[in-house]
Amino acid sequence: MNPSFLWWLSCQAYKNKVPIIPKLLKTFNFLFFHAVLPYQAEVERDIELQHYGLGIVIHPNVKIGHRVKIYHGVTLATETWIGSPHKIYIGDDVLIGSGAAIVGRGDQDLVIGDRAVIGSNAVVTRDVNVGETVVGVPARPIISKN
């Protein structure tokens, strides 16, 4: 059983106003994978929750792009209510390392650009540029020495 597919399916059922199914799938993912994966989020079919998505917690105001890899113990949180116009946007081909936390403010969007890499245990509170790698607490870009 794949928690990524179940999450995507619950989001599709919610979007298409299918009763009960979104909540059942969310509950199944929580009971079996200890992951909080809200059906109100917007996710693409080809995301990957590594290590069965164990311990992943995601706020409903999140939009996740194509081919995103999220490792275990990741938190995507925002200090706003469900349905707020402010979201966390995760671009395409992003990798989020285990234990990372991405925390958005309630009064603005937080954007993780395409092909960005979030290091394990990094705490991201600001936008991450396209192709950038960030690490640490608070997360800072790695400067390459070419």
Side-chain angles (χ1 to χ4, degrees), residues 1-18 21-22 25-26 28-30 32-146:
M1 191 56 53
N2 185 333
S4 304
F5 178 70
L6 293 176
W7 186 24
W8 174 81
L9 198 60
S10 73
C11 293
Q12 294 304 307
Y14 177 75
K15 189 165 76 173
N16 292 314
K17 297 179 173 49
V18 177
I21 299 298
L25 292 172
K26 179 182 178 182
F28 185 87
N29 263 340
F30 179 73
F32 286 92
F33 302 108
H34 305 288
V36 179
L37 305 172
Y39 47 83
Q40 301 95 328
E42 298 175 53
V43 298
E44 297 296 336
R45 170 66 189 100
D46 54 358
I47 65 165
E48 294 180 39
L49 301 180
Q50 300 295 314
H51 305 129
Y52 297 103
L54 289 172
I56 292 175
V57 177
I58 298 186
H59 191 278
N61 288 23
V62 172
K63 182 173 182 175
I64 300 176
H66 292 280
R67 297 170 304 280
V68 172
K69 286 186 181 182
I70 303 174
Y71 283 81
H72 62 282
V74 167
T75 300
L76 302 179
T78 184
E79 300 168 340
T80 192
W81 68 93
I82 297 171
S84 162
H86 303 292
K87 295 185 179 197
I88 295 174
Y89 293 94
I90 309 291
D92 296 338
D93 302 303
V94 171
L95 185 143
I96 304 173
S98 62
I102 299 173
V103 183
R105 292 183 165 174
D107 60 349
Q108 62 190 28
D109 294 334
L110 191 149
V111 179
I112 308 299
D114 294 345
R115 298 178 315 284
V117 176
I118 311 299
S120 293
N121 297 311
V123 177
V124 177
T125 58
R126 298 174 191 239
D127 291 352
V128 176
N129 295 325
V130 172
E132 194 168 54
T133 298
V134 297
V135 297
V137 179
R140 300 280 187 236
I142 292 177
I143 299 171
S144 63
K145 297 179 181 178
N146 290 332

*asked:* Does Ile142 form a side-chain contact (heavy atoms from CB on, under 4.5 Å) with Val134? I'd like the steps, not just the answer.
replied: CA-CA 6 Å; Ile142 292 177; Val134 297; over 6 Å; no
Can you tell me how far apart [atom1] ([X]) and [atom2] ([Y]) are? Round to the nearest 0.5 Å.
X	Y	atom1	atom2	answer
Ile56	Leu37	CD1	CG	6.5 Å
Ile88	Arg105	CD1	CZ	13.0 Å
Tyr52	Phe32	OH	CZ	13.5 Å
Leu49	Tyr71	CG	OH	11.5 Å
Thr75	Ile70	OG1	CD1	11.0 Å
Ile21	Leu9	CD1	CG	8.0 Å

*If a pair satisfies ring-ring contact (aromatic ring centres under 6.0 Å, His included) and one of its residues is in residues 74-132, list it, with sequence neighbours excluded.*
none
*Dump the intermediate steps for side-chain contact (heavy atoms from CB on, under 4.5 Å) on Val62 and Thr78, then the final yes or no.*
CA-CA 9 Å; Val62 172; Thr78 184; 5.8 Å; no
Has [X] got a side-chain atom pairing as donor or acceptor with [Y]'s backbone, closer than 3.5 angstrom?
X	Y	value
Asn61	Ser84	yes
His72	Gly97	no
Asp114	Asp92	yes

Provide the closest heavy-atom pair for [X] versus [Y] in the form atom of the first, atom of the second, distance.
X	Y	value
Ala41	Cys11	O-SG, 3.3 Å
Ile96	Ile102	CD1-CD1, 3.9 Å
Ala35	Gly53	CB-O, 3.3 Å
Val137	Asn121	CG2-O, 3.6 Å
Val94	Gly91	CG2-O, 3.3 Å
Ala139	Val124	CB-CG2, 3.7 Å

*Any chance the side chains of Asp46 and His66 put a donor and an acceptor closer than 3.5 Å?*
yes
*Is there a side-chain contact between Val130 and Arg115, using heavy atoms and a 4.5 Å cut-off?*
yes
*Please report the C-alpha distance between Arg67 and Asp93 in whole Å, then the side-chain angles of each, then the deciding distance to 0.1 Å, and finally whether the salt bridge (Lys or Arg N to Asp or Glu O under 4.0 Å) criterion is met.*
CA-CA 5 Å; Arg67 297 170 304 280; Asp93 302 303; 2.7 Å; yes
*Enumerate the residue pairs fulfilling side-chain hydrogen bond (donor to acceptor under 3.5 Å, both in side chains) with a member in residues 3-17, sequence neighbours excluded, ordered by first and then second residue.*
Asn2-Ser4
*In chain order, what residues pass the side chain to side chain donor-acceptor pair (under 3.5 Å) check against Lys26, with sequence neighbours excluded?*
none
_Run Tyr39 and Leu25 through side-chain contact (heavy atoms from CB on, under 4.5 Å) and show every step you take._
CA-CA 8 Å; Tyr39 47 83; Leu25 292 172; over 6 Å; no
*asked:* Regarding Asp109 and Lys87, does a basic nitrogen lie under 4.0 Å from an acidic carboxylate oxygen?
replied: no
*Take Ile118 and Ile112 through the test side-chain contact (heavy atoms from CB on, under 4.5 Å) and record every step on the way to the result.*
CA-CA 9 Å; Ile118 311 299; Ile112 308 299; 4.2 Å; yes
